[in-house]
Amino acid sequence: MSRSAQHIGLTGGIGSGKTTFASLLQAQGAALIDSDQIAREVAAPGGAAIPAIRQAFGGAYIDSQGGLDRVRMRQLVYEHPEARTRLESIIHPLVNAGSQQQALAAEASGHKVIVFDVPLLVESRRWAQRLNAVIVLDCAPETQIRRVMARSGLERAAVEAIMKAQATREERRQSADIVIHNGDDCELRTLELLAQETAALFGL
Ligand code: ATP
């Protein structure tokens with residue numbers, strides 16, 4: 001594959017610090033592509049996924065604004081797990097296409113390093129062969145729980161349930177080319193220095 005920019009995957013469990021580290025890399029000159037944001041956009045009013053969602057699930061799953069009714073959909077996938085697979089089969093190819101499109105635009109505007117923030121990168125293996133390197137944000141599970149509870153107000157059990165559905169810390173570390181330790185002992189200033197060092201590794 002010949003392309004002018006390096007494509008770097010950035011991942012980590014919930015609350016590991018992906019968003020924070022991605023912003024720091026962006027400040028060093030990397031282009032940032034946020035797959036969660038693209039997923040939200042395609043299911044928002046007027047989004048590219050809406051016609052297919054309407055066709056697959058019916059108008060009852062489209063809210064009054066014309067976007068995906070997330071409350072009803074959450075209920076449906078809770079009761080019928082196969083609905084999640086169906087929804088993902090609509091959303092994922094669009095996120096894929098959107099990511100590629102944004103990457104091309106970033107390359108065209110001269111970016112040499114493109115960072116893809118993909119929370120479930122390790123879980124969805126299709127990413128691996130498209131990336132030059134994978135960065136994993138790592139911290140103790142207790143740190144994840146504390147950060148997410150502080151940020152979202154979720155109960156401990158709810159955070160633990162999300163973590164259980166994600167890859168394990170070990171699985172993630174095994175997929176990493178670079179592990180960034182962002183534990184309790186890592187102050188934001190230290191994380192910033194780690195971002196500078198990481199960016200330098202990729203020529204920024
Ligand atoms: P999610 O998977 O939920 O999107 P994330 O992996 O993107 O989470 P962040 O949003 O970057 O994680 O971080 C979670 C919270 O922890 C945020 O409130 C962030 O400010 C804080 N945080 C992350 N790293 C540090 C750090 N090194 N020092 C202090 N606070 C931190």
Side-chain angles (χ1 to χ4, degrees), residues 7-44 68 70-71 73-74 77 84 87-88 91-92 95-96 98-99 102 113-128 131 133-201:
H7 287 196
I8 314 298
L10 177 71
T11 193
I14 184 169
S16 58
K18 295 177 295 295
T19 310
T20 308
F21 197 68
S23 304
L24 293 170
L25 289 176
Q26 203 177 15
Q28 296 299 313
L32 178 60
I33 296 177
D34 181 338
S35 62
D36 265 359
Q37 191 191 335
I38 299 174
R40 280 193 297 274
E41 284 168 7
V42 299
L68 170 65
R70 290 181 183 279
V71 176
M73 185 55 78
R74 208 171 295 133
V77 302
R84 179 189 298 281
L87 180 66
E88 286 177 350
I91 303 270
H92 285 177
V95 171
N96 215 346
S99 300
Q102 288 191 11
V113 177
I114 302 178
V115 172
F116 295 81
D117 180 345
V118 186
L120 299 182
L121 187 144
V122 173
E123 291 83 344
S124 71
R125 306 210 166 265
R126 69 199 164 83
W127 276 94
L131 298 168
V134 171
I135 302 173
V136 166
L137 268 285
D138 179 64
C139 65
E142 266 313 307
T143 305
Q144 289 178 264
I145 293 168
R146 192 179 38 71
R147 284 186 188 143
V148 177
M149 285 176 71
R151 187 196 50 194
S152 63
L154 283 176
E155 302 277 340
R156 166 178 276 269
V159 183
E160 284 175 344
I162 295 169
M163 287 168 61
K164 223 171 147 192
Q166 298 187 337
T168 64
R169 187 178 187 187
E170 207 35 55
E171 283 164 343
R172 250 186 238 107
R173 285 200 285 213
Q174 277 171 12
S175 310
D177 296 295
I178 297 172
V179 176
I180 301 293
H181 296 286
N182 185 30
D184 281 338
D185 54 348
C186 184
E187 291 179 5
L188 283 175
R189 177 68 194 136
T190 310
L191 197 61
E192 200 176 334
L193 293 174
L194 287 170
Q196 281 170 14
E197 279 174 23
T198 307
L201 285 177

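Predicted model only: the values in this text are computed from it and were never measured. Both counts, for ligands and for their atoms, begin at 1 and track the order of listing.
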Exercise for review: Could you check which of Asn182, Asp34, Asp36, Leu191 puts a non-hydrogen atom nearest to atom 27 (N) of ligand 1?
Suggested key: Asn182

Check your understanding: Should the proximity of Lys18 to ligand 1, defined as any heavy atom under 4.0 Å, be assigned to the side chain, the backbone, both, or neither?
Key -> both

Review point. Run the side chain to side chain contact (heavy atoms under 4.5 Å, CB included) check on Ile33 and Ile114 step by step: do they pass?
Key: CA-CA 7 Å; Ile33 296 177; Ile114 302 178; 3.5 Å; yes

Review point. Are there protein heavy-atom neighbours of atom 17 (C) of ligand 1 below 4.0 Å?
Key: no

Point to revise | Close approach, Val148 and ligand 1, non-hydrogen under 4.0 angstrom | key: no

**Study point:** Lys/Arg-Asp/Glu bridge criterion (N-O < 4.0 Å) met for Asp138, Arg173
**Key:** yes

Practice item. Before signing off on this row, confirm whether Ser16 and ligand 1 have an N or O atom pair separated by under 3.5 Å. Key: yes

Point to revise | Sub-4.0 Å heavy-atom contact, Gly13 with ligand 1 | key: yes

Exercise for review: Could you tell me whether the side chain of Gln166 and the main chain of Ile14 form a donor-acceptor pair under 3.5 Å?
Suggested key: yes

Review point. Where is the nearest protein heavy atom to atom 14 (C) of ligand 1: which residue, which atom, and how far?
Key: Arg151 NH1, 3.9 Å

Check your understanding: How far is atom 31 (C) of ligand 1 from its nearest protein heavy atom, and which residue and atom is that?
Key -> Arg147 NE, 3.9 Å

Point to revise | Heavy-atom check, side chain of Val159 versus side chain of Met149, under 4.5 Å | key: yes

Point to revise | Min N/O separation Gly17 to ligand 1 under 3.5 Å | key: yes

Review point. If you count the non-hydrogen atoms of other residues, nucleotides and ligands that lie under 6.0 Å from CZ in Arg84, is the total more than 12?
Key: no

Review point. Under the 3.5 angstrom rule, does the side chain of Glu123 hit a backbone N or O of Ala167 as a donor-acceptor pair?
Key: yes

Review point. To which protein heavy atom is atom 19 (C) of ligand 1 closest, and what is the distance rounded to 0.1 Å?
Key: Thr20 OG1, 3.8 Å

Review point. In terms of residue, atom name and distance, what is the protein heavy atom nearest to atom 7 (O) of ligand 1?
Key: Thr19 OG1, 2.5 Å

**Study point:** Side chain Asn182, main chain Cys139, donor-acceptor under 3.5 Å
**Key:** no

Check your understanding: If you measure from atom 8 (O) of ligand 1 to every heavy atom of Gly15, Cys186, Gly183, which option wins on shortest distance?
Key -> Gly15

Could you pull out all donor-acceptor pairs under 3.5 Å where a side-chain atom in residues 187-195 meets a protein atom, sequence neighbours excluded?
unit_1, atom_1, unit_2, atom_2, d
Arg189, NH1, Glu192, OE2, 3.4

